[in-house]
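Quick notes on the structure that follows.
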Protein chains: 2
Amino acid sequence: MSDFKPLDPLLHSQLRLAIMSLLLSVKSAEFTFIKEKTEATAGNLSVQLDKLSKAGYIEIEKSFRDKKPLTTCKITKKGITAFESYVNALKDYLN
Amino acid sequence: MSDFKPLDPLLHSQLRLAIMSLLLSVKSAEFTFIKEKTEATAGNLSVQLDKLSKAGYIEIEKSFRDKKPLTTCKITKKGITAFESYVNALKDYLN
DNA sequence: TAATTTAGTTTATAATATAAACATGTTTAT
DNA sequence: ATAAACATGTTTATATTATAAACTAAATTA
């Protein structure tokens, strides 16, 4: 688009954008925390985290705590850059 | 979402957002003009204009000029309000 | 008059988002 | 000890959405 820069489809999604927004403001976040904050279903969240991870926008670490699985997420440099580009591109549309 | 207001799905779409953005800045716009500015295909544009029209976000007037069909679009008050709400909700996500 | 262009619409397909169903193990109640 | 309920996710099926290809209809040009 001439007047409108393309919007990274990976970020132009309500849930994934919320995830990235959250992760920008913390060092790392647990699956259940993100689930609560975004009010997403576990299934949906799992899928979207996987997509962000496969794109290299976040890092996912799986471990155990109190014998229970624990999924921890962290935004990457690539993710931060992508987010910034997205916000910048979005400006074309907001005025 | 608690921390994140929902984003109007009708506006959270690259092409429809570009259309609305364009229409905000002009009194009215012709189909071909919007097509050029957004670099959308005619079919896609036709579908998306129809959706915006059905939602009452824009008004579409069909006439003829030089014996050829002429489709003219105009944003409505409802559309302006919806756009403003969308931008406002989006702020939750951008920081 | 046949091919091309203009201005779109309709329909088929591809991509995406989402939730329902499932898996695996843990804790609690009986 | 065993069953029921809970925790933490993943996988898969479905619904929604976006998009382009195919089509229509009239006008213009060769």
Side-chain angles (χ1 to χ4, degrees), chain A residues 1 4 6-23 28-55 57-74 82 86 89 93, chain B residues 1 4 6-23 28-55 57-74 82 86 89 93:
Chain A
M1 298 199 186
F4 302 98
L7 300 175
D8 182 345
L10 211 67
L11 292 183
H12 196 63
S13 134
Q14 179 165 340
L15 181 49
R16 287 194 301 270
L17 196 63
I19 294 167
M20 293 293 282
S21 177
L22 257 182
L23 291 182
S28 75
E30 297 170 15
F31 187 96
T32 52
F33 174 79
I34 302 175
K35 181 170 179 294
E36 276 163 27
K37 285 292 182 182
T38 60
E39 289 179 11
T41 61
N44 193 8
L45 183 55
S46 179
V47 170
Q48 306 311 329
L49 286 177
D50 203 49
K51 284 186 188 175
L52 290 172
S53 166
K54 271 169 183 155
Y57 288 4
I58 68 172
E59 263 171 17
I60 300 181
E61 219 189 77
K62 277 152 203 300
S63 60
F64 284 86
R65 183 177 53 190
D66 302 337
K67 301 181 190 169
K68 282 178 241 159
L70 178 68
T71 299
T72 309
C73 307
K74 201 173 168 337
Y86 171 79
Y93 298 77
Chain B
M1 299 198 185
F4 302 98
L7 299 175
D8 183 344
L10 211 68
L11 293 182
H12 196 63
S13 136
Q14 179 164 338
L15 180 50
R16 286 194 301 270
L17 196 62
I19 294 168
M20 293 293 282
S21 177
L22 256 182
L23 291 182
S28 76
E30 297 170 15
F31 186 97
T32 52
F33 174 78
I34 302 175
K35 181 168 178 296
E36 276 163 28
K37 286 291 182 182
T38 60
E39 289 179 13
T41 61
N44 193 9
L45 183 55
S46 178
V47 170
Q48 306 311 330
L49 285 178
D50 203 49
K51 284 186 188 176
L52 290 172
S53 166
K54 272 171 182 154
Y57 288 5
I58 67 172
E59 264 172 16
I60 300 180
E61 221 189 73
K62 278 153 203 300
S63 58
F64 283 87
R65 182 175 55 191
D66 303 337
K67 300 181 191 169
K68 281 178 241 158
L70 178 67
T71 298
T72 309
C73 306
K74 202 173 167 336
Y86 171 78
Y93 298 77

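All values derive from a computational prediction rather than experimental measurement. Quick note on labels: first sequence line is chain A, next is B, and so on, each numbered from 1.
- With rounding to the nearest 0.5 angstrom, the OG1 atom of Thr71(B) is 8.0 Å from the CG atom of Leu49(B).
- The distance between atom NE2 of His12(B) and atom C1' of dA17(C), rounded to the nearest whole Å, is 11 Å.
- Comparing Phe31(B) and Asn44(A) by the nucleotide of DNA chain C whose heavy atom lies nearest to each, the residue mapping closer to the 5' end is Phe31(B).
- At least one donor-acceptor pair closer than 3.5 Å links the side chain of Asp8(A) to the backbone N or O of Leu10(A).
- Contacts of Arg16(A) with the nucleic acid, taken as non-hydrogen atoms under 4.0 Å apart, involve only primed sugar atoms and P, OP1 or OP2.
- Rounded to whole Å, the distance from NZ on Lys35(A) to P on dT8(D) is 10 Å.
- At least one donor-acceptor pair under 3.5 Å links the side chain of Thr38(B) to the backbone N or O of Ile34(B).
- The residue Leu45(A) sits apart from the nucleic acid: no heavy atom pair falls under 4.0 Å.
- Nucleic acid contact class of Lys62(A) (heavy atoms, under 4.0 Å, all strands): sugar-phosphate only.
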Between the protein and nucleotides 3-6 of chain C, list every N/O to N/O distance that falls short of 3.5 Å.
none

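- When the P atom of dA26(D) is taken as reference, atom CG of Leu70(B) falls 17 Å away, rounded to whole Å.
- Near DNA chain C, meaning a heavy atom under 4.0 Å from it, residues 46-55 of chain B has Ser46(B), Val47(B) in order of number.
- Rounded to a whole Å, the CG atom of Asp66(B) is 11 Å from the C1' atom of dA27(D).
- Taking atom CG on Leu10(B) and atom C1' on dT17(D), their separation rounds to 11 Å, with Å as the unit.
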Interface polar pairs with nucleotides 13-16 of chain D, N/O, under 3.5 angstrom:
none

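- The residue from Arg65(A), Lys35(A), Lys62(A) that alone fulfils the salt bridge (Lys or Arg N to Asp or Glu O under 4.0 Å) condition with Glu30(A) is Arg65(A).
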